[in-house]
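To start, the structure itself, in structure tokens.
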Number of protein chains: 2
Amino acid sequence: MASLIEQLTERLREAGYRNTPARRAVLEALIDGPSHMTAPDVVAAVDESSPSVGRASVYRTLELLTRLGLVQASTLGGTETTYMLAPSGHHHHAICLECRATLEIDECVVGELEGLLCQRTGFEIRGHLLEIYGLCPRCATSQRNSNQTE
Amino acid sequence: MASLIEQLTERLREAGYRNTPARRAVLEALIDGPSHMTAPDVVAAVDESSPSVGRASVYRTLELLTRLGLVQASTLGGTETTYMLAPSGHHHHAICLECRATLEIDECVVGELEGLLCQRTGFEIRGHLLEIYGLCPRCATSQRNSNQTE
DNA sequence: GTATATGCAAAAAGTTTGCACAGTA
DNA sequence: TACTGTGCAAACTTTTTGCATATAC
């Protein structure tokens, strides 16, 4: 079975792009790092692991990977853009607005909606993003407590 | 019936924040402008309508409005962050990856999932974002045509 | 061999900060 | 009146660009 990095570079190749050290370095940073990284996070990680790769290539690669759908950008309910590897299959997130923790959700209820949308509008669907915002149990509890003492 | 701007400033007030000219100018820019605006778009619109409001206040206000949930930031499937008024009720988007057109979707299938998530994990849900990415009918057609002639 | 992709460094763009002052509640 | 919020300008961070060179295929 092909490793994740191999699968991803293969998808680049299929789309007509070359398999270069800079692109591998960005993919590896995303694979090895936390599930959501800002652009400067990725720049720093690449600079750590592959100092010969330039900043500009990191930005160019993040843009390319996002355009091809290998990577997905999201604001996680805040204002800061983060990048994550686009999960194959369905994985969505519940995000705590307080502590920024993310929780994976496996259930996917979007499929049925996509069918309907495609039928009604002729939209050709490529993917989707579903994020649920709220307070994780820990933060919900501590917020209730602090309200009591106010 | 209270106008939209009044409803929004009222929500600010309820959260303990003051109703100031800078905040009204940002809200008005979002109300009057296109449905998705980047931060520099909002800065420009405010500078147009209320030249006395400073750039910094626009950023501070966008951050505040997002934190309070009056505004939602999203990358629309690309890498650029845009802001939109968070619609009350359910409105989601289908976004064309080619021409960036957005299409409103009224159906909401997330409610049931939220109930399940809340029950299972104790997450206290405040909102959600659902975006469907793909090609609008027009771009899907023109892409098929250009593939034929390749 | 050739076109794509790169690193570099500089420029541009975008965002944040500190602080004295203004204006809301 | 008290304190939140502001404008300003400077500092800082992030992102983009142009171009000669390297390298994947």
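Numbered from 1 within each chain, the chains take letters A, B, ... in sequence-line order.
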Exercise. If we only count heavy atoms from C-beta on, is the B/L30 to B/V71 side-chain gap below 4.5 Å?
Worked result: yes
Problem set entry | Student check: side-chain heavy atoms of A/T75 and A/T82 closer than 4.5 Å | no
Measure from the side-chain heavy atoms of [X] and tell me the nearest of [options].
{"X": "B/Y59", "options": "C/dT6, C/dA9, C/dT15", "value": "C/dT15"}
{"X": "B/R55", "options": "D/dT6, C/dA25, D/dA9", "value": "D/dA9"}
{"X": "B/R60", "options": "D/dG18, D/dC8, C/dA5", "value": "D/dC8"}
{"X": "B/T20", "options": "D/dT17, C/dA5, D/dT6", "value": "D/dT6"}
{"X": "A/A56", "options": "C/dT15, D/dC8, D/dT17", "value": "D/dT17"}
{"X": "B/R18", "options": "D/dT6, D/dT15, C/dT24", "value": "C/dT24"}

Problem set entry | Salt bridge flag under 4.0 Å for residues B/R24 and B/E28 | no
Exercise. Hey, is A/E10 close enough to A/R13 for a salt bridge, meaning N to O under 4.0 Å?
Worked result: yes
Using whole Å, report how far [atom1] of [X] lies from [atom2] of [N].
{"X": "A/L62", "N": "D/dT16", "atom1": "CG", "atom2": "P", "result": "10 Å"}
{"X": "A/E63", "N": "C/dT4", "atom1": "CD", "atom2": "P", "result": "17 Å"}
{"X": "B/L12", "N": "C/dT24", "atom1": "CG", "atom2": "P", "result": "15 Å"}
{"X": "A/D41", "N": "D/dT13", "atom1": "CG", "atom2": "C1'", "result": "13 Å"}
{"X": "B/D47", "N": "C/dG14", "atom1": "CG", "atom2": "C1'", "result": "15 Å"}
{"X": "B/E14", "N": "C/dA25", "atom1": "CD", "atom2": "C1'", "result": "16 Å"}
{"X": "A/L68", "N": "C/dA5", "atom1": "CG", "atom2": "P", "result": "10 Å"}
{"X": "B/Y83", "N": "C/dT15", "atom1": "OH", "atom2": "P", "result": "7 Å"}

Exercise. B/N19 or B/P40: which one's nearest nucleotide on DNA chain C is closer to the 5' end?
Worked result: B/P40
Problem set entry | First encountered from the 5' end of DNA chain C, between A/L64 and B/A39 | A/L64
For this session: Give B/V43 one of three labels, base, sugar-phosphate or nothing, depending on what nucleic acid heavy atoms sit under 4.0 Å from its own.
Result: nothing
For this session: Treating Ile, Leu, Val, Met, Phe, Trp and Tyr as nodes and any side-chain heavy-atom pair under 4.5 angstrom as an edge, say whether A/Y17 and A/Y83 lie in one connected cluster.
Result: yes
Exercise. Quick one: on DNA chain D, does B/T79 or B/R23 contact a more 5' nucleotide (nearest heavy atom)?
Worked result: B/R23
